[in-house]
Amino acid sequence: GRLTLVVTYDNGRLTKIVTRGNGHIGTNITHLTQAISGIPMEIAAKGHVVIRGEAVISYDDFERYVMESGEDYANPRNLASGSLTLKDTDEVKARHIQWIPFTLVYTEDDIPSWGERMNWLDAQGFTTVERKAISNPDEISVEGCIAAFTHEVTSKQNPYPVDGLVVC
């Protein structure tokens, strides 16, 4: 399951962070802005911008937190999820949550493809989801791309837990 946060900017300023909740109604956690890495207070783009991304904790930070706190969490996602219900920003900050955008939901600019939208987010200063463009996609090149990402995740070269959805 994903721990998705929807982040909104208006005229270049962060205005809202909402958990996706059940897909419809989420919880407003804008008060935790300072505690979550990867969500800038301001971006260059003016107008209305809506971005969807994943709140994650790396395996290393998860293991360190569990060891130091003595608390028991099944996995990094559960720790991240529990953290976002807290009121104390310092307590949340200590858990090293990183927000990684994976979709530009809305911008007033006309950007047709997902790849270009992700590049636009990179240009705004976000650290977006890792991805790879395949110039001539066929079964072999796509399977090779998936195998490479799978190896990164299973060997923990990729520091974050992954859902298994890979966009190549």
Side-chain angles (χ1 to χ4, degrees), residues 1-66 69 71 73-109 111 114-132 149 152-153 156-167:
R2 290 189 180 280
L3 183 56
T4 299
L5 302 182
V6 179
V7 176
T8 303
Y9 290 85
D10 287 289
N11 298 317
R13 298 186 66 83
L14 175 73
T15 50
K16 195 165 55 170
I17 305 172
V18 180
T19 63
R20 199 192 53 182
N22 60 11
H24 303 291
I25 300 164
T27 305
N28 187 323
I29 58 161
T30 312
H31 63 282
L32 294 178
T33 300
Q34 302 292 336
I36 303 168
S37 300
I39 305 179
M41 295 297 292
E42 294 186 26
I43 58 174
K46 302 303 175 204
H48 187 64
V49 175
V50 182
I51 308 160
R52 189 174 287 134
E54 188 85 1
V56 291
I57 296 176
S58 73
Y59 289 113
D60 286 349
D61 285 328
F62 172 71
E63 284 158 16
R64 191 175 305 116
Y65 181 82
V66 169
S69 70
E71 292 178 42
Y73 288 90
N75 55 51
R77 186 194 181 281
N78 287 8
L79 175 58
S81 182
S83 302
L84 296 179
T85 64
L86 300 171
K87 298 278 178 271
D88 181 357
T89 51
D90 289 336
E91 204 176 329
V92 177
K93 191 178 265 186
R95 299 175 184 209
H96 299 279
I97 297 171
Q98 175 76 32
W99 185 68
I100 303 177
F102 59 78
T103 304
L104 172 58
V105 178
Y106 181 83
T107 177
E108 289 162 20
D109 297 351
I111 312 170
W114 179 81
E116 288 172 319
R117 291 168 87 86
M118 297 308 292
N119 293 341
W120 185 90
L121 287 172
D122 290 335
Q124 298 299 320
F126 294 98
T127 302
T128 55
V129 69
E130 188 182 339
R131 60 199 181 275
K132 183 175 192 286
F149 272 116
E152 258 189 44
V153 172
K156 294 197 178 173
Q157 289 171 353
N158 177 325
Y160 299 108
V162 172
D163 264 0
L165 172 67
V166 176
V167 180

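All values below were derived from every heavy atom in this structure, side-chain atoms included, with hydrogens, water molecules and symmetry-related copies excluded.
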Determine yes or no for a side-chain-to-main-chain donor-acceptor pair under 3.5 angstrom, with R117 supplying the side chain and L104 the backbone.
yes

For W120, which residues count as a side-chain hydrogen bond (donor to acceptor under 3.5 Å, both in side chains) partner, sequence neighbours excluded?
D109

Sorted by chain and residue number, the side chain to side chain contact (heavy atoms under 4.5 Å, CB included) partners of N11 (sequence neighbours excluded) come out as none

Would you check if V18 and L5 make a side-chain contact, meaning some heavy-atom pair closer than 4.5 Å?
no

Using 0.5 Å steps for rounding, measure from the CD1 atom of I100 to the CD1 atom of I39.
11.0 Å

For P101 and T127 the tightest heavy-atom approach is CD-O, 3.2 Å

Could you name each residue pair satisfying salt bridge (charged side-chain N to carboxylate O under 4.0 Å, His left out) that touches residues 25-34, not counting sequence neighbours?
none

Taking all atoms of both residues into account, what is the closest heavy-atom pair of A74 and N78, and its distance?
CB-ND2, 3.6 Å

Provide the closest heavy-atom pair for Q124 versus I43 in the form atom of the first, atom of the second, distance.
OE1-CB, 3.7 Å

Side chain to side chain contact (heavy atoms under 4.5 Å, CB included) with A80: which residues, sequence neighbours excluded?
L3, I57

Nearest non-hydrogen partners of W99 and I51, listed with the distance
CH2-CG2, 3.5 Å

Mind checking what makes side chain to side chain contact (heavy atoms under 4.5 Å, CB included) contact with L86, not counting sequence neighbours?
E91, V92, R95

Counting neighbours of NZ on K16 that are heavy atoms of other residues, nucleotides or ligands and sit closer than 6.0 Å, is the number greater than 12?
no

Is a side-chain N or O of T128 found less than 3.5 angstrom from the main chain of D122, in a donor-acceptor match?
no

For W114 against F102, the heavy-atom pair lying closest together:
NE1-O, 2.9 Å

Just to verify, what does T89 make a side-chain hydrogen bond (donor to acceptor under 3.5 Å, both in side chains) with, not counting sequence neighbours?
none

Distance-only donor-acceptor hits, side chain of residues 29-37, under 3.5 Å, sequence neighbours excluded:
residue	atom	partner	partner atom	Å
T30	OG1	I17	N	3.0
T30	OG1	N28	OD1	2.5
T33	OG1	T30	O	2.6

Once rounded to the nearest 0.5 Å, what's the spacing between atom CD of E54 and atom OG1 of T103?
10.5 Å

Between S81 and R77, is there a donor-acceptor pair closer than 3.5 Å when you use the side chain of the first and the backbone of the second?
no

Residue pairs, two or more places apart or on separate chains, that pass salt bridge (charged side-chain N to carboxylate O under 4.0 Å, His left out) and touch residues 30-43
R13-E42

Residues passing the salt bridge (charged side-chain N to carboxylate O under 4.0 Å, His left out) test with E116, sequence neighbours excluded, are none

List for me each residue that meets side chain to side chain contact (heavy atoms under 4.5 Å, CB included) alongside E108, sequence neighbours excluded, and say none if there are none.
H48, Y106

In terms of side-chain geometry, is the basic nitrogen of R64 or D61 positioned less than 4.0 Å from the acidic oxygen of its partner?
yes

Apply salt bridge (charged side-chain N to carboxylate O under 4.0 Å, His left out) to R52 and list each qualifying residue two or more places apart in sequence or on a separate chain.
none

Pairing residues for Y9 by the ring pair (Phe, Tyr, Trp, His ring centres under 6.0 Å) criterion, not counting sequence neighbours
F126

